[in-house]
Amino acid sequence: MIKTRANTSAHSQVLVLGVGNILMRDEGVGVRVVQRLEELYEIPPQVEVLDGGTSGVELLPYIEGKGALFIIDAMQKGDMAPGEVVVLDLSSHIHVYRNRISPHQLGISEVLALATLQEKIPPVVKLIGIRPSRVDTGLELSPEVEEAVDRAILLLKKELEGMGLGLAEKRG
Amino acid sequence: MGKRITVDPITRIEGHLRIDVEVEDHKIKNAWSSGQMWRGIEVILKGRDPREAWIFTQRICGVCTTVHAIASVRTIENALGLEVPLNAQYIRNLIIAAQGVFDHIVHFYHLSALDWVDLVSALQADPKKAARLAQQLSDWPLNSAKEMKAVQERLQKFVASGQLGIFGSGYWGHPAMKLTPEVNLLGVTHYLQALDYQREINKVVAILGSKTPHIQNLAVGGVANPIDPNTPAPLTMEQLLHVKSLIDNIKDFVKKVYLVDVAAIGAFYADWTKYGAGVTNYLSVPELPMDEKGTKFLMPGGYIANGDLNTYQPIKDFNDEFFAKNVKECIKHSWYDGDWNRHPWAEETKPDYTGYDEEEKYSWIKAPNFKGKPAQVGPLANVLCMYAAGHEPTRKYVREVLDIASQVAGARIGLEALHSTIGRHAARAVRAAVLTDTMDEVWEALVTNIGKGDYDTYNPPKFPSGEIRGFGFHEAPRGTLSHWVIIKDGKIENYQCVVPSTWNAGPRNHHDEMGPYEASLIDNPIADPKRPLEVLRTIHSFDPCLACAIHLHNGDDQEILQVKVL
């Protein structure tokens, strides 16, 4: 029988989840965004920031029961320019994530499906998508996407402020 | 020539795999496995500090983060001849075993059960009948009619809201789906329960590894968990007791649910014990070292030729020459420049894409071989080797799974049934049961050692000038993983990962012998060429994970799943 609760910070209401593979340059931009976010800002206790890498089902306990989920990911969409950043509201239609807007939707889309089946999907699910420019082997982001990191953080900051959650810049 | 079917990509796996088969009279006559992405980790690691290699290798793949980290530190330690303190071995072992159990549960229930269990059919089940059936097989307390009914209602709601499409890769109502609605409901019930249990056991990894999905506690030479049983330091007695309770929690689920489900579903699909054997040279390595040098292991490993358990040859320790000498990789049919079969230390990585051509080159995956022959790796190889080595816990759980299957089938199902598609699932469940028991033993050893006042967790590495070589292996959830390194003046000169999915998904080798995926598909039935569920069944039974076998996303590909019938 299960006696213990999930190991993640049960008190946080919002999960900011960066996903992607940092060994493939811009493919890992989601992870780069959350890394920089934690470098630059004090994260309030209501917000949990997670570097999800390319994981799948291991992310489920972090997602379940949150009030809001922000996924930050590289997004393959024809009409976007490299480095362009968009916010998509996926709440109540998470199946959109299937339509190959991300190179690793397999993991994330199944995880969202499982959370839905368990009736533990956050009521708000938003995707902050960044169009990659280079996805070959390497650790450095392309210049366009490097610039997009700060814009993605600003968009996320605005979203969080809209929920009454301010991010203060770290000092020193 | 028969009808050609291309499945591209194979869904519900990590990474990108294309399978081509030729079908005649509803049977597969020929098959090709192709990795559609290129892996370039070697390029990233060249010139780096060997102490950091594990941090990068654990990013190769989202499913196998921990296993690449473990293999990498062992590889550098091997090159240095560096021993690892007992506490560090034990902590690593707990992480390895917990991650293995987690991975096996998730693979069976969440990545492959839907090949056998029809979600939609479960809606027609009588929950009382389903509960009666379940209670005949196991005394698991969550097999009640009330539980089954609640699951059915939740599923009903999910389907009614039109969300089933999320599981777009399911084959509802396919003619090869043979389970009764009641067995399907039982499967769905345990599918949902498994979600809770996989999460619980993965907490062991999070507690000891400091974080998931990317653990942070490893170091070349040991682990970075300082031990102090009396103060609130990173690893305390309180945390160790929490780990113990998590280990206790998972045992019943593995033995009373997972093992039983695999045996029962296997019995209902007994015809699938005849399909999918493929390559029956089996390779596995010993795992869970219990001494500093890596010479004593809780789980044995070795090599079996031609499916004959009498040929078993053990692989004995972290310096085993039989293993080190006999691993090679061939690129005759892979998109790399040249045509060679080389030892990993002598390999080079020069990608050269020349288009898909089955006569020439058709995959980014190399063709690994052991003693010059293709070999199957994974839980089946591991379980057969442990069985051949006389490992008592393995023999016990193999007997148990075959007894339940025989009872359900009403006919004797023997050990030979394991050489099959369904046998790979059974072996994975057996391995999960063996792993849960090892966790007790390792936990006791760790607590006893700390009790003696030994708090050592780390031996600092020192890199000599000049060239050194090393290899490290790990019996990962998907099978034998090995990393190979050449270090020059303290920097990485060459790094190669020979990963489980490369062994299994590799193309034809230097003698044009098929790889394990390819060979396992031969003679599989195909009921409906437009919906080749049978291909998925056999391929999924290997637990494919292509992200580490190969890498780089093919940006031109727009299709989620493309099945071409020519």
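Numbered from 1 within each chain, the chains take letters A, B, ... in sequence-line order.
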Please indicate whether A/Glu119 has more than 12 foreign heavy atoms, meaning atoms of other residues, nucleotides or ligands, lying under 6.0 Å from its CD. yes
Spacing of A/Leu139 atom CG and B/Arg59 atom CZ [to the nearest 0.5 Å]: 10.5 Å
If you measure from CG on B/Asn202 to CG on A/Leu60, what distance do you get to the nearest 0.5 Å? 11.0 Å
For the atom pair CG (B/Leu192) and CG (A/Leu114), what is the distance rounded to the nearest 0.5 Å? 8.5 Å
List the atom of A/Pro61, the atom of B/Arg199, and the distance in Å for their closest heavy-atom pair. CB-CD, 3.3 Å
Who among A/Ile22, A/Asp51, A/Leu50 has the most heavy-atom pairs with chain B under 4.5 Å? A/Asp51
How close do A/Leu23 and B/Ile44 get, heavy atom to heavy atom, and via which atoms? O-CD1, 3.4 Å
Steps toward side-chain contact (heavy atoms from CB on, under 4.5 Å) verdict (A/Glu58, B/Val106): CA-CA 10 Å; A/Glu58 280 162 303; B/Val106 168; over 6 Å; no
